[in-house]
Amino acid sequence: MKDLKRCVEYHGHKCMGLLMGYRAAKYALKILKEQTAKDEEIVSIVENSSCFVDAVSVITGCTFGKGNLIFKDYGKMALSLISRKNGKGIRVYLRSENLKRDKKDIELMNRVLAGKASKKEISIFNEMKKNREKEFMKIKDEELFKVYDFKGEIPPKAKIYNSVKCDKCKELVMETRIKDVKGKKICTSCLNG
Ligand SMILES: [Zn+2]
Ligand SMILES: [Zn+2]
């Protein structure tokens with residue numbers, strides 16, 4: 001569980017979203033028989049931009065900086081992992097319908113988040129949260145996830161682009177992010193004001 005500790009350190013706190021990302025990333029790596037990427041040997045496609053993603057980054061080694069972490073705004077707790085070595089890819093989807101919380105629990109959470117809970121309620125809430133996380137970590141991979149073959153295109157490797165000077169702000173910009181406006185080269189941030 002050393003790697004879980006690394007996720008918590010990176011993310012800043014322990015939460016359910018982080019644990020979900022951790023479980024998804026560990027399981028996907030296991031199925032693909034892959035290791036944490038040092039370079040771009042694997043690609044991750046995440047379908048949400050929540051706490052989930054931070055654990056995926058730590059466990060898979062896929063980051064925005066390396067260009068092998070791709071975000072699709074689908075709002076789903078799912079991760080696709082693709083190996084560049086053999087072109088194999090899978091998608092794991094977390095079946096959160098199996099993680100229903102009871103009404104009382106949700107009511108209490110809303111009170112805590114709204115700052116309306118008493119000290120005692122807060123400690124009860126924290127205890128429940130800990131238990132929920134503990135229980136979550138015990139669920140078997142096969143029960144927690146649906147596994148699919150990855151069907152999309154393998155995203156191309158990160159490229160290095162030339163830099164071009166913007167005629168307005170005079171800053172250097174990646175050549176793919178500059179537009180020709182009436183014969184002048186203008187960057188996206190200048191275009192957006
Ligand atoms: Zn979090
Ligand atoms: Zn500019």
Side-chain angles (χ1 to χ4, degrees), residues 1-29 36 44-65 69-79 81 92-101 105-106 108-115 117 121-139 144-145 160-193:
M1 290 294 211
K2 247 192 199 158
D3 49 0
L4 178 58
K5 218 179 142 196
R6 276 174 36 233
C7 293
V8 176
E9 273 167 14
Y10 177 73
H11 182 56
H13 62 245
K14 194 182 201 178
C15 63
M16 194 52 103
L18 189 76
L19 295 180
M20 287 174 172
Y22 173 83
R23 293 286 312 262
K26 293 287 278 187
Y27 190 38
L29 280 177
T36 308
S44 286
I45 302 173
V46 290
E47 297 180 23
N48 68 76
S49 59
S50 71
C51 306
F52 181 95
V53 183
D54 281 351
V56 169
S57 260
V58 172
I59 299 301
T60 64
C62 297
T63 67
F64 280 123
L69 176 65
I70 292 160
F71 166 52
K72 303 260 187 206
D73 197 1
Y74 298 159
K76 293 185 185 179
M77 284 295 181
L79 162 69
L81 202 71
V92 294
Y93 164 78
L94 195 138
R95 308 153 67 136
S96 32
E97 62 267 28
N98 295 350
L99 303 170
K100 276 212 182 102
R101 293 163 63 172
D105 191 6
I106 292 168
L108 181 59
M109 180 186 73
N110 289 335
R111 286 172 61 80
V112 171
L113 290 179
E121 282 177 319
I122 292 172
S123 84
I124 292 171
F125 174 75
N126 287 335
E127 198 56 37
M128 281 165 82
K129 176 175 177 283
K130 253 190 221 161
N131 285 334
R132 213 168 41 238
E133 289 171 356
K134 223 191 250 169
E135 289 306 312
F136 175 78
M137 292 306 278
K138 282 191 215 157
I139 305 171
L144 198 54
F145 296 101
I160 294 171
Y161 293 101
N162 290 325
S163 292
V164 179
K165 199 177 251 178
C166 168
D167 284 327
K168 196 170 176 197
C169 65
K170 311 294 181 205
E171 290 183 349
L172 286 175
V173 192
M174 217 198 280
E175 62 184 343
T176 56
R177 296 292 183 273
I178 203 139
K179 287 216 169 69
D180 201 302
V181 181
K182 292 174 194 157
K184 287 201 163 154
K185 294 191 178 82
I186 307 293
C187 75
T188 312
S189 53
C190 283
L191 275 176
N192 291 342

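Order of listing sets the numbers, starting from 1, for every ligand and every atom in it. Given the structure is predicted, the values throughout are model-derived calculations rather than measurements. Sequence positions, counted from 1, serve as the residue numbers for this chain.
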What angle, to the nearest 10°, do the atoms SG (Cys51) and NE2 (His11) form about the Zn ion (ligand 1)?
90°
What N/O/S atom of His13 gets nearest to the Zn ion (ligand 1)?
NE2
Please say whether more than 12 non-hydrogen atoms of neighbouring residues, nucleotides or ligands are located less than 6.0 Å from [atom1] in [X].
X: Glu171; atom1: CD; answer: no
X: Phe71; atom1: CZ; answer: yes
X: Arg101; atom1: CZ; answer: yes

Regarding Glu135 and Arg132, does a basic nitrogen lie under 4.0 Å from an acidic carboxylate oxygen?
no
The angle formed at the Zn ion (ligand 2) by SG of Cys166 and SG of Cys169 is about (to 10 degrees) 110°
